Amino acid sequence: MADEFDVPESHPRYESLLTRHRIEAGVEKGITSTQGLIAEGRGEAFDYLLGERTTESADEAERVAAASLLLADHPVFSVNGNVAALVPGEIVELAEATGADIEVNLFNRTEERMEAIADHLREHGASEVKGLRADGRIPGLDHERAKVDADGIESADVVVVPLEDGDRAEALDSMGKTEIVIDLNPLSRSAQVAAVPIVDNILRAVPNITAHARELADEPASTLETIVSEFDSDAALAAAEEAIRHGDLQ
Ligand code: ATP
């Protein structure tokens with residue numbers, strides 16, 4: 001069933017059914033964990049309340065993320081099992097548009113799943129996938145969860161951490177990384193510690209960051225710096241929470 005999905009795009013729940021299908025296929029392919037199914041369900045509930053759309057404030061955060069990635073010396077995109085199942089090709093495009101590295105990083109790390117995800121990303125066009133060497137560490141986390149590549153996340157200045165658990169997001173924050181978090185829950189610890197919290201479905205967020213990066217590619221550093229410095233992360237989180245609590249559901 002992995003590659004079969006014949007729901008018409010006109011179906012009112014097309015995107016959410018496609019998301020479920022990709023996660024299910026990810027589990028079958030050995031790239032998504034069973035805990036990933038739970039994370040998916042939680043995300044879906046928030047997306048439903050948001051109206052399954054990119055809000056104005058999320059779009060602004062996505063533009064700020066693009067500017068931040070273009071300004072970075074060493075940006076890295078961290079990929080887990082859900083991210084790999086949902087947006088493999090889109091990550092490759094974003095990495096190309098911003099010069100970011102791609103690193104596989106799992107909450108429940110097994111060598112088989114690391115390899116399966118790296119293969120899956122290569123099948124979708126990634127030329128280099130980091131994370132398998134695991135010669136670096138994130139201080140403050142237990143052994144398996146602390147593993148990263150020394151020339152990847154360990155030495156990154158800007159990291160994109162979608163659908164990340166709160167402990168790791170906090171530990172990366174303590175290392176002084178600029179974190180761009182994509183998470184549909186504005187109250188999650190990951191979103192709360194992010195320099196740039198993006199409260200949007202990763203399916204919509206990643207292509208939109210890429211589109212902004214392409215549009216901003218020729219702007220001078222001073223323009224990008226202004227975009228980043230004018231961003232208010234607390235206001236972005238508050239706008240998302242407001243949309244979830246009081247938005248109009250269509
Ligand atoms: P924290 O420890 O940060 O409070 P958590 O325990 O909620 O977070 P997990 O359940 O591990 O963390 O993370 C999954 C997060 O990813 C959830 O907040 C969920 O809303 C979000 N999520 C799931 N699917 C998507 C998606 N497609 N796009 C964006 N976010 C998603």
Side-chain angles (χ1 to χ4, degrees), residues 5 13-27 31-55 57-59 61-62 65 77-91 94 104-109 113 117 120 138 140-142 144-146 159-175 177 179-210 233-234 236-237 239-241 243-245 247:
F5 181 68
R13 312 221 43 87
Y14 175 80
E15 205 181 275
S16 115
L17 293 172
L18 176 67
T19 305
R20 274 188 209 177
H21 170 80
R22 287 192 184 166
I23 291 287
E24 249 184 295
V27 173
I31 59 179
T32 306
S33 69
T34 46
Q35 284 93 334
L37 292 168
I38 297 167
E40 157 62 20
R42 184 182 258 197
E44 245 184 63
F46 281 108
D47 205 17
Y48 187 88
L49 293 171
L50 271 171
E52 294 172 353
R53 71 201 157 100
T54 299
T55 61
S57 76
D59 180 55
E62 284 154 11
F77 197 111
S78 174
V79 178
N80 65 21
N82 282 47
V83 175
L86 291 173
V87 281
E90 292 84 346
I91 294 164
L94 176 59
V104 182
N105 213 277
L106 302 182
F107 186 85
N108 298 302
R109 185 187 175 101
R113 214 147 71 76
I117 292 174
H120 185 67
I138 303 173
L141 294 179
D142 62 65
E144 281 307 302
R145 287 172 59 209
V159 275
V160 186
V161 278
L163 287 55
E164 183 59 273
D165 87 293
D167 283 355
R168 278 178 38 99
E170 282 175 355
L172 287 167
D173 184 54
S174 302
M175 286 176 88
K177 315 276 183 211
E179 283 186 273
I180 298 167
V181 166
I182 304 170
D183 193 320
L184 278 158
N185 178 5
L187 302 173
S188 81
R189 283 177 300 154
S190 319
Q192 300 275 336
V193 298
V196 186
I198 297 173
V199 183
D200 197 5
N201 195 320
I202 191 168
L203 229 53
R204 300 187 295 268
V206 172
N208 199 32
I209 302 172
T210 305
S233 59
D234 290 335
L237 290 172
E241 195 179 332
I244 286 169
R245 289 188 190 277

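For clarity, every value in this text was computed on a predicted model and none was experimentally measured. Counting convention: from 1, in listed order, for ligands and their atoms alike.
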Distance from atom 28 (N) of ligand 1 to nearest protein heavy atom, with residue and atom: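 Heavy-atom neighbour on the protein nearest atom 28 (N) of ligand 1: I202 N, 2.9 Å.
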Closest approach of any protein heavy atom to atom 3 (O) of ligand 1, naming residue and atom: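 That would be S190 OG, 3.0 Å.
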Inter-residue atom distance S16.OG - H21.NE2, 0.5 Å rounding: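 Going from the OG atom of S16 to the NE2 atom of H21 covers 13.0 Å.
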Polar contact flag, side-chain donor to acceptor under 3.5 angstrom, S188-D183: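 Yes, because at least one side-chain N or O of S188 sits under 3.5 Å from a partner of the opposite role on D183.
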No-hydrogen, no-angle side-chain donor-acceptor test under 3.5 Å, N105 and S78: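 The answer is no; no qualifying pair exists.
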Ligand 1 to E40 polar contact by distance, N or O atoms, under 3.5 Å: no
Ligand-side contact atoms (ligand 1) for residue partner L86, heavy atom cut-off under 4.0 Å: 27 (N)
Main-chain N/O of D173 paired to E179 side chain as donor or acceptor, under 3.5 Å: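 Judged by distance alone, yes, a pair lies under 3.5 Å.
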Inter-residue atom distance I198.CD1 - I180.CD1, 0.5 Å rounding: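 The CD1 atom of I180 is 6.5 Å from CD1 of I198, to the nearest 0.5 Å.
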Identity and separation of the nearest protein heavy atom to atom 27 (N) of ligand 1: N201 OD1, 3.0 Å
Donor-acceptor pair, side chain of R20 and main chain of E44, under 3.5 angstrom: no
Any N/O pair D183/ligand 1 closer than 3.5 Å: yes
Protein residue, atom and distance nearest to atom 4 (O) of ligand 1, heavy-atom basis: R189 N, 3.3 Å
Those atoms of ligand 1 less than 4.0 Å from some heavy atom in D200: 28 (N), 29 (C)
Nearest neighbour in protein (non-hydrogen) for atom 11 (O) of ligand 1: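 Answer, as residue, atom name and distance: D165 CB, 4.2 Å.
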Main-chain N/O of P186 paired to Q192 side chain as donor or acceptor, under 3.5 Å: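 Yes, Q192 side chain to P186 backbone: donor-acceptor pair under 3.5 Å.
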Those atoms of ligand 1 less than 4.0 Å from some heavy atom in G43: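 Result: 19 (C), 20 (O), 22 (N), 23 (C), 24 (N).
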Gap between atom CZ of F107 and atom CG of L163 - 0.5 Å precision: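 Atom-to-atom, L163:CG and F107:CZ are 13.5 Å apart.
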Candidate list V83, N82, T19, L184, test side-chain contact (heavy atoms from CB on, under 4.5 Å), partner I202, passing option: V83
Atom indices of ligand 1, in the order listed, that fall short of 4.0 Å to a heavy atom of N185: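 Those qualifying, in numeric order: 18 (O), 20 (O).
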Nearest protein heavy atom with distance in Å, relative to atom 30 (N) of ligand 1: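 Here the closest protein heavy atom is L184 N, 3.2 Å.
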Minimum non-hydrogen distance to atom 2 (O) of ligand 1, winning option of G166, A45, A169, G36: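 Considering heavy atoms of G166, A45, A169, G36, the nearest to atom 2 (O) of ligand 1 sits in G166.
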Pairwise distance CZ(R145) to CG(L106) - rounded to 0.5 angstrom: 12.0 Å
Exam field: side chain S233 to backbone V196, donor-acceptor pair closer than 3.5 Å: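 Checking the backbone N and O of V196 against the side chain of S233, no donor-acceptor pair under 3.5 Å is found.
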Region of D47 that comes within reach of ligand 1 [heavy atoms, distance under 4.0 Å]: neither
Within-cutoff protein neighbour (heavy atom, under 4.0 Å) for atom 9 (P) of ligand 1: no
Proximity winner for atom 25 (C) of ligand 1, if only heavy atoms of N80, V193, D167, L163 are counted: L163
Minimum-distance protein heavy atom relative to atom 23 (C) of ligand 1: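 The protein heavy atom lying closest is A39 O, 3.1 Å.
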Atoms in ligand 1 flagged as close to R42, the criterion being non-hydrogen separation under 4.0 Å: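 Close to R42: 5 (P), 6 (O), 7 (O), 10 (O), 17 (C).
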